[in-house]
Protein chains: 2
Amino acid sequence: MAGPGHCRTRIAPQSGAGFRLRKGEVLRVVDPDGEQVSDLFAFRDGEPACSLSSGRTIDYAGKIYLTTGDVLWSNDSRPMFTIIADDVGRHDFLLTPCSQEMFEILYRHRGHHPSCLENLLDAFAPYGIRPEQISTTFNIFMRVDVAPDGAVAVKPPLSKAGDRIELRAEMDLVCALTACSAEGSNNGTFKPIDFEILRAGAA
Amino acid sequence: MAGPGHCRTRIAPQSGAGFRLRKGEVLRVVDPDGEQVSDLFAFRDGEPACSLSSGRTIDYAGKIYLTTGDVLWSNDSRPMFTIIADDVGRHDFLLTPCSQEMFEILYRHRGHHPSCLENLLDAFAPYGIRPEQISTTFNIFMRVDVAPDGAVAVKPPLSKAGDRIELRAEMDLVCALTACSAEGSNNGTFKPIDFEILRAGAA
């Protein structure tokens, strides 16, 4: 019998992975070393006009911090994922994935910098996804505090080594997932991210 | 000589309008009666892959509440608008425009309900925009409070009769603007929205 760690895949630091998820399957994302962020984006398989929506999700959930029991919605108001387990309880759904332009604008970086957007695009390339189809990602383990005056602060993730979140697919999906490339999101170091796909009923 | 009210256009309650804005022109949006919301979305003229991005804007601004001096960014990290005047100081950039599905899911509405999404689509129709290209709108005068625990609450707008916001176009744009259709966003009544396009140098 396949144990829970049977199909674990490791995403190397500053890289990404793309995969299909069938309805009912569970995506388990694990932070193996702690304090690392993983950006997730998804499309309905075969219907890329249907994609993950921060704005719909925050509206329907009535909150910006999502955890166990909450649903991630598509841009056309269909449930895409349900969070069924969560060791951390803090993720971000406000910010777009880090990009070459972000490193230049916010950090005055010069030259190429690996980024979640580039890694998501590479991961989605076999599925024919264009850059403008990737909007705000669900930034797993990313800690973004919002002050009463609206100021936003990116802080080290609350995830400890081995912490996980589990998301059940509510439709057939094409997904991409990263091990984040932004120094500012993961307390200054680059680490891997692990994920598993648990077959329906095996979770 | 054209006075500031020369080209004022009124958007009827629960409807929308589409228009081009040249680089340097200023879009003035006025709440004629107070406590009304106006959803704004925009594409680069001739390049619809470049569109308004909540996630990029919040990341670059470092805050969720935007006002005078702040820039609204595109999904590919180019400045689209700069807010150059603002009587109100509270707008929302977290939530997607109200939609038929939203009225059904959040308010259990049955039958057709006018919505900002439908009105934006109608306004963008002459420009060939598809529904999935409209993501989170800049919701002018909309008041969405975020509690320390992340809970989101839609409250009556702070705008009083005659209050305005002015946004300068930083590139040639195709825009659509609504007079919001959601009872919950405008303190229970439906009102018009006025707008003017001020030519470069005339603002």
Side-chain angles (χ1 to χ4, degrees), chain A residues 43 47-51 53-67 71 73-79 89-106 117 130-137 139 144-154 182 184, chain B residues 43 47-51 53-67 71 73-79 89-106 117 130-137 139 144-154 182 184:
Chain A
F43 298 88
E47 189 184 342
C50 175
S51 64
S53 171
S54 161
R56 291 266 170 251
T57 299
I58 293 171
D59 201 6
Y60 294 150
K63 56 185 176 178
I64 60 170
Y65 302 132
L66 304 165
T67 187
V71 171
W73 293 78
S74 71
N75 56 344
D76 58 356
S77 296
R78 289 184 276 181
R90 269 303 283 280
H91 317 280
D92 171 65
F93 211 0
L94 298 181
L95 302 184
T96 33
C98 63
S99 65
Q100 177 68 32
E101 292 77 11
M102 187 215 76
F103 288 110
E104 294 172 3
I105 292 170
L106 286 184
L117 182 59
R130 299 182 307 278
E132 70 270 20
Q133 294 177 282
I134 300 174
S135 59
T136 299
T137 36
N139 303 310
V144 176
D145 285 355
V146 179
D149 68 354
V152 160
V154 177
Chain B
F43 298 88
E47 188 184 342
C50 174
S51 63
S53 171
S54 162
R56 291 265 170 250
T57 299
I58 293 171
D59 201 6
Y60 296 149
K63 56 185 176 179
I64 59 170
Y65 302 132
L66 303 164
T67 187
V71 171
W73 293 78
S74 71
N75 57 343
D76 58 356
S77 295
R78 289 183 276 180
R90 268 302 283 282
H91 316 281
D92 171 65
F93 212 0
L94 297 181
L95 302 183
T96 35
C98 64
S99 65
Q100 177 69 31
E101 292 77 11
M102 187 215 77
F103 289 109
E104 294 172 2
I105 291 169
L106 285 184
L117 182 58
R130 300 183 305 279
E132 69 271 18
Q133 294 177 282
I134 300 173
S135 60
T136 299
T137 35
N139 303 308
V144 176
D145 285 354
V146 179
D149 68 354
V152 160
V154 178

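Letters go in sequence order (proteins before strands), and every chain restarts at 1. These numbers were taken from a predicted model, which means no experiment stands behind them. The figures that follow rest on heavy atoms only: side chains count, while hydrogens, waters and symmetry mates do not.
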Minimal non-hydrogen separation, Pro48(A) against Phe43(A), with atom names: O-CD2, 3.2 Å
Within a strict 4.5 Å, meaning less than it, do heavy atoms of the Leu95(A) and Val154(A) side chains meet? yes
Closest approach of Thr96(A) and Asp59(B), non-hydrogen atoms and distance? O-OD2, 4.4 Å
Where do Glu47(A) and Asp76(A) come nearest, in terms of heavy atoms and distance? OE2-OD2, 4.3 Å
Counting heavy-atom pairs under 4.5 angstrom with chain A, the leader among Thr136(B), Ile105(B), Asn75(B), Val146(B) is Ile105(B)
Pick from Asp149(B), Leu117(B), Val144(B) with the largest number of heavy-atom pairs that fall under 4.5 Å of chain A: Asp149(B)
Which of the residues Gly150(A), Ala49(A), Ala153(A) is involved in the greatest number of heavy-atom pairs with chain B at under 4.5 angstrom? Gly150(A)
Counting C-beta onward and ignoring hydrogens, is there a side-chain heavy-atom pair between Trp73(B) and Pro79(B) closer than 4.5 Å? yes
Highest number of heavy-atom pairs under 4.5 Å with chain A among Gly62(B), Ser77(B), Ser53(B) belongs to Gly62(B)
Between Tyr65(B) and Pro148(A) the two heavy atoms that sit nearest each other are CE1-O, 3.9 Å
Residue among Arg130(A), Arg56(A), Gln100(A) with most heavy-atom pairs under 4.5 Å to chain B: Arg56(A)
Arg78(B) portion near chain A, given a 4.5 angstrom heavy-atom threshold: neither
Among Ser99(A), Ser54(A), Ser135(A), residue most engaged with chain B (heavy-atom pairs, under 4.5 Å): Ser99(A)
Looking at Thr57(B), Ile58(B), Leu66(B), Leu106(B), which makes the most heavy-atom pairs under 4.5 Å with chain A? Leu106(B)
